Amino acid sequence: MPELPEVEVVRGDLQRFVVGRTIRDVHVLHPRAVRRHAGGPADFAAALSGGRLTEANRRGKYLWLPFSDNLALLAHLGMSGQLRAWPLGQPAAPHLRVRFTFGDGGPELHFVDQRTFGGLSVTRLGAGAIPEPITHIAQDPLDPAFDPATFRRALRRRRTGIKRALLDQSLVSGVGNIYADEALWRSELHYARPTETLTRAQVDRLVAALRIVLVAALAERGTSFDSLYVDVNGMSGHFDRSLQVYGQAGRPCARCGTPIARDRFMNRSSYYCPRCQRRPRRARW
DNA sequence: CTATGAACCTGACAGC
DNA sequence: TGCTGTCAGGTTCATA
């Protein structure tokens, strides 16, 4: 469950599903799921057992559940991770990696992850109650503290293309391949536009586009092409119906009718309108 | 500093 | 039925 809207859907669900509950047992079924936890699987389980989860927080694509003043369960869903409410007695999913039981005897929390790019760890909370491993992650466009001027200055200092910058989680977080392409289309900017040549108005427009796209996707509970991307209850979101460019190669641009193009770029696909999003003379990627 | 490609994984799908 | 190659909402590391 990758980008900001999908992760925010999970955060909201976890707020209702696990906050206030006390963990009884933790079973790590696949050690790779806790590879970022310094002490290994046994230490991970021991650290969480008996802990009462107090909040469900998010920055960008990271989630964390504090269970004391300075400790939290930190999660990144990678490409295929899910956090699922699992009724007692229901057969486990094929890619169950970590299982949490609770003192109240209610439904379990399952971390399911087909490709195992995601992971869980127990971390200390540092300045601003942000988990220490993600202090380098920038604020995301839906964070009330997100400052467009800071983002604009960070962009100007970079010597790279705008899409590469949008995907760099230390400049702005929560944006992945889908929402980068969607926001660039809305802003009429080509992915290879050099960041240092963007005007103030263009950056402001891009930030506005990011917010519009992310909020709209959240309202549809995210984008889900298949059952890999689901909420805590296994339900898909429907923003795929509203995508303007991502995955739309050959279909007409909603603004000008030109067929949407697809380029290979950064080892992944970029979708854009070749007419609305002109390649800059000095492209940079 | 910036850019690239590979690595980490599993599974779905198209084409032969 | 297989086999091969391609593709997938991410991050990180080594190499130019």
Side-chain angles (χ1 to χ4, degrees), chain A residues 1-11 29-36 58-63 74-83 93-97 111-121 131 133-134 136-138 140 154-184 191-192 194-196 210 213-214 216-218 220-231 236-249 262-271 282-285:
Chain A
M1 283 283 282
E3 306 183 46
L4 187 155
E6 294 78 28
V7 179
E8 174 60 19
V9 165
V10 173
R11 189 207 62 77
L29 289 86
H30 196 315
R32 199 175 134 75
V34 295
R35 65 192 180 285
R36 298 238 175 71
R58 181 190 57 74
R59 172 175 282 194
K61 304 170 191 171
Y62 287 85
L63 286 169
L74 179 65
H76 193 287
L77 301 174
M79 288 287 269
S80 56
Q82 306 173 358
L83 286 165
H95 303 293
L96 173 63
R97 308 305 188 192
F111 178 61
V112 179
D113 189 8
Q114 179 196 106
R115 295 176 69 183
T116 67
F117 290 169
L120 309 179
S121 60
I134 65 164
H136 65 292
I137 300 294
D140 60 66
L155 279 185
R156 194 149 300 165
R157 266 184 257 119
R158 281 306 186 87
R159 291 291 176 270
T160 190
I162 185 58
K163 181 165 177 182
R164 200 179 281 280
L166 285 177
L167 297 181
D168 183 340
Q169 305 295 302
S170 70
L171 295 178
V172 57
S173 68
V175 183
N177 208 33
I178 291 182
Y179 300 112
D181 282 2
E182 292 296 313
L184 289 170
Y191 60 80
T195 50
E196 74 272 22
L210 283 168
V213 167
L214 295 173
L218 180 55
E220 297 293 330
R221 295 187 63 81
T223 303
S224 174
F225 303 125
D226 53 42
S227 56
L228 228 44
Y229 304 96
V230 293
D231 65 17
S236 293
H238 297 295
F239 192 69
D240 58 319
R241 298 168 186 165
S242 306
L243 293 173
Q244 300 293 331
V245 285
Y246 188 87
Q248 308 299 309
R262 172 189 176 215
D263 285 359
R264 297 294 302 176
F265 167 65
M266 288 177 74
N267 267 338
R268 53 212 318 194
S269 295
S270 281
Y271 298 90
R282 285 172 40 252
R284 179 169 268 151
W285 45 72

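The figures that follow rest on heavy atoms only: side chains count, while hydrogens, waters and symmetry mates do not. From a predicted model like this one, the values you see are computed outputs, not experimental measurements. In what follows, every chain begins at residue 1, and chains take the letters A, B, ... in the order their sequences are listed.
Rounded to an integer number of Å, the gap from CG of A:L4 to P of C:dG9 is 17 Å. Nucleotide B:dC1 holds its C1' atom 19 Å from the CZ atom of A:R156, rounded to whole Å. In this structure, CG of A:L74 is placed 12 Å from P of C:dT11, rounded to the nearest angstrom. The CG atom of A:L228 sits 14 Å away from the P atom of C:dA8 (whole-angstrom rounding). The interatomic distance linking A:M266 (CE) with B:dT4 (C1') rounds to 10 Å, in whole Å. Whole-Å rounding puts the A:Y229 OH to C:dG9 C1' distance at 5 Å. For A:I178 and C:dG9, the CD1 to C1' distance is 4 Å, given to the nearest whole Å.
Rounded to the nearest Å, the gap between the P atom of B:dG5 and that of C:dT6 is 15 Å. Atom P of C:dC3 sits at a distance of 23 Å from the matching atom of B:dC9, rounded to the whole Å.
As judged by a 4.0 angstrom heavy-atom cut-off over every strand, A:S224 is placed among the base-contacting residues. No contact: A:R35 has no heavy atom under 4.0 Å from any strand. Within the nucleic acid shown, A:F225 comes within 4.0 Å of at least one base atom, counting heavy atoms only.
Residue ring and base: A:F117 does not count as stacked with C:dT11 (centre distance below 5.5 Å and interplanar angle below 30° not both satisfied).
For DNA chain C, if you chain together Watson-Crick or G-U pairs that step i with j, i+1 with j-1 and so on, the runs of at least three with distances under 3.5 Å are B:2-8 with C:10-16, B:10-16 with C:2-8.
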Would you tabulate the nitrogen or oxygen pairs shorter than 3.5 Å linking the protein to nucleotides 12-14 of chain C?
none

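Within 90° of 0 lies the glycosidic angle of C:dG9, which makes this nucleotide syn.
Residues from residues 159-168 of chain A lying near DNA chain B, meaning a heavy-atom separation below 4.0 Å, are A:R159, A:T160, A:R164 in numerical order.
Ranked by how close their nearest DNA chain B nucleotide is to the 5' end, A:F265 and A:R97 are led by A:F265.
Salt bridge A:D113/A:R32: absent, no basic N to carboxylate O contact under 4.0 Å.
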